[in-house]
Number of protein chains: 2
Amino acid sequence: MAADTSRSRAREGAKRIREFIVAAAVEGTPAPGTKLPTERELVKRFNVPRNAVRKTLAELEAEGSITRHVGRGTFLAGRAPGGIGEIPGDNVSHTSPAELMDARLRIEPALAELIVTNATAADFERMEACLEKAEKAATLDEFELWDAALHQVLAEATHNRFVIRILDMVTAVRRQAEWGKLKDRIVTPERRIRYQEEHRDIVGALKERDAERARASIVAHLQHARRNLFGF
Amino acid sequence: MAADTSRSRAREGAKRIREFIVAAAVEGTPAPGTKLPTERELVKRFNVPRNAVRKTLAELEAEGSITRHVGRGTFLAGRAPGGIGEIPGDNVSHTSPAELMDARLRIEPALAELIVTNATAADFERMEACLEKAEKAATLDEFELWDAALHQVLAEATHNRFVIRILDMVTAVRRQAEWGKLKDRIVTPERRIRYQEEHRDIVGALKERDAERARASIVAHLQHARRNLFGF
DNA sequence: GCTTATTGGTTCGATATTGGTTCAGATTGA
DNA sequence: TCAATCTGAACCAATATCGAACCAATAAGC
């Protein structure tokens with residue numbers, strides 16, 4: 001009759017919770033950053049003591065499958081749990097942050113000229129609006145919202161549909177990947193100020209139709225971002 | 001059950017408000033400038049805290065779907081809502097040959113450095129093989145086959161999956177209808193010889209790890225191709 | 001003009017949620 | 001028995017959300 005001792009229940013529960021997380025990661029929403037149920041919800045759902053829940057979650061965190069933040073919750077990290085290999089298929093999905101950064105550092109500076117020649121006054125107005133809103137943003141979330149908007153405007157300012165597609169891919173990849181995990185620790189308030197200055201530099205150079213300066217500003221900005229991300 | 005906590009209500013509400021705005025934009029009156037309900041009305045209508053309403057409205061504003069003015073209200077903007085949600089999948093939107101050429105002229109030269117630093121001996125062997133086969137090709141179709149193969153090898157020589165993806169997009173667009181029609185008229189036998197020489201220049205520079213010369217060769221090649229296509 | 005009402009923007013204290021921690025008591029298995 | 005482990009519950013601290021008041025720009029009525 002030892003089949004339903006609290007001890008064995010814990011072991012059973014651990015397995016089921018693992019399976020649940022893995023399932024959520026694989027079929028549910030492959031996107032990292034998805035919020036998982038709270039510990040107390042898992043307790044109710046699997047009828048398992050919280051300690052057991054916390055134990056499995058701790059393991060998953062150690063494996064790098066999830067991240068946990070007090071007051072916020074538990075989230076899927078970039079790496080697939082349970083040693084689930086990379087999903088094949090020539091999707092954009094499996095490009096590493098390092099690769100993306102490498103590509104951006106080559107490609108985006110070269111697009112400065114395109115913006116300088118093609119951007120309209122309306123484009124510049126939208127850029128300024130994004131800068132202002134980003135600077136006034138109270139929360140980090142809001143800042144990133146307007147940061148993304150600025151990138152979108154810059155892309156559209158090239159007035160080149162192919163380039164726009166490419167830059168859409170960039171943001172798509174940024175939204176995936178292990179990027180999300182890094183971001184939290186990386187964007188500190190003072191770094192955010194620095195980013196804002198660099199954004200102003202870039203937009204300023206573009207407005208003056210100074211392609212060379214814009215190119216230099218973009219390179220500086222991306223190198224700065226890379227340094228913050230990877231330390232080199 | 002805590003299914004109707006104020007917290008979960010907020011998350012639900014965000015979605016519903018989004019849907020409401022989108023619906024208003026699509027079916028209601030496509031005309032930009034339409035006035036939307038005030039924040040306080042949305043609060044009452046969806047039984048959701050104003051914070052949540054403002055959060056979703058902020059997102060929609062950042063996406064460019066709506067505009068907001070103190071004392072006036074919230075209005076539909078020109079851009080269709082949910083624009084960012086579009087996944088840049090393999091839907092090769094119709095980019096004109098001119099646009100593609102513009103983009104290639106900026107992007108591809110910048111990738112020379114990437115090949116110079118990352119390409120392996122095996123990559124160079126494959127390039128050479130493509131060059132030979134292309135030169136021996138009897139028909140124009142065969143030539144273009146090996147021409148495409150060379151492009152593929154060059155892409156893979158960057159050893160950067162994101163770049164490879166972009167260059168795949170380039171060939172995908174090139175394969176599109178309008179382009180193909182031009183090509184036939186354009187690639188004459190003597191031009192083909194000229195292309196072969198330029199390809200050898202590019203590969204040669206890459207093999208010597210001379211990024212600057214490779215860049216120049218690529219620019220020259222693309223400009224030549226453009227001249228043949230459009231006459232400028 | 002002036003006043004008043006409306007509306008998006010802001011601030012701030014109170015409250016709720018959530019992962020992290022502690023600990024006395026029960027359970028387990030040698 | 002007895003040491004090790006698990007349990008349940010309370011408590012803690014970080015975070016998010018709420019509610020309500022207040023602010024500033026605009027519009028409406030006089």
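Every chain is numbered from 1 and lettered A, B, ... according to where its sequence line falls, protein lines coming before strand lines.
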When rounded to whole Å, the CZ to C1' distance for the pair B/Arg72 and D/dA24 reads 15 Å

(Q) Is A/Thr38 close enough to C/dT17 that one of its side-chain N or O atoms is under 4.0 Å from OP1 or OP2 there? (A) no

Rounded to whole Å, the NZ-P distance (B/Lys35 to D/dT26) equals 14 Å

Would B/Glu59 and B/Lys55 count as a salt bridge (charged side-chain N to carboxylate O under 4.0 Å, His left out) here? Give the steps.
CA-CA 6 Å; B/Glu59 285 175 18; B/Lys55 198 174 170 186; 5.7 Å; no

From the list A/Ile218, A/Val173, A/Leu222, side-chain contact (heavy atoms from CB on, under 4.5 Å) with A/Arg104 holds only for A/Leu222

Rounded to 10°, the angle between the first-five-pair and last-five-pair axes of the helix from C/dG1-D/dC30 to C/dA30-D/dT1 is 30°

Fill in: Check: A/Val116 main-chain N/O paired with A/Arg209 side-chain donor or acceptor under 3.5 Å
yes

To the nearest angstrom, the NZ-P distance between A/Lys44 and D/dA9 comes to 13 Å

When rounded to whole Å, the CD1 to C1' distance for the pair B/Ile66 and C/dG8 reads 11 Å

query: Would a 4.5 Å heavy-atom cut-off, applied to side chains only, mark B/Gln152 and B/Thr171 as touching?
result: no

Paired with A/His159, the side-chain contact (heavy atoms from CB on, under 4.5 Å) test is passed by just one of A/Leu114, A/Asn118, A/Ile164, namely A/Asn118

Rounded to whole Å, the CG-P distance (B/Leu57 to C/dT10) equals 14 Å

When rounded to whole Å, the CG to C1' distance for the pair A/Asp141 and D/dT15 reads 12 Å

Carefully, step by step, assess B/Asp102 and B/Arg226 under the rule salt bridge (charged side-chain N to carboxylate O under 4.0 Å, His left out).
CA-CA 9 Å; B/Asp102 245 24; B/Arg226 173 160 76 176; 3.4 Å; yes

Rounded to whole Å, the CG-C1' distance (A/Leu60 to C/dG19) equals 15 Å

Can you pull every protein N or O that's under 3.5 Å from an N or O on nucleotides 20-26 of chain C?
unit_1: C/dG20; atom_1: OP2; unit_2: A/Arg54; atom_2: NH1; d: 3.0
unit_1: C/dG20; atom_1: OP2; unit_2: A/Arg54; atom_2: NH2; d: 3.4
unit_1: C/dG20; atom_1: OP2; unit_2: A/Arg68; atom_2: NE; d: 3.3
unit_1: C/dG20; atom_1: OP2; unit_2: A/Arg68; atom_2: NH1; d: 3.0
unit_1: C/dG20; atom_1: OP2; unit_2: A/Arg68; atom_2: NH2; d: 3.3
unit_1: C/dG20; atom_1: N7; unit_2: A/Arg50; atom_2: NH2; d: 3.4
unit_1: C/dG20; atom_1: O6; unit_2: A/Arg50; atom_2: NH2; d: 2.4

Practice problem: Look at the rings of A/Tyr195 and A/His221 and say which category their plane angle falls in: under 30° parallel, 30 to 60° tilted, over 60° perpendicular. | Solution: perpendicular

Parallel, tilted or perpendicular, as decided by the 30° and 60° cut-offs, for the rings of A/Phe46 and A/Phe20:
perpendicular

Taken in chain and number order and not counting sequence neighbours, the residues that satisfy side chain to side chain donor-acceptor pair (under 3.5 Å) with A/Thr120 are A/Asp123

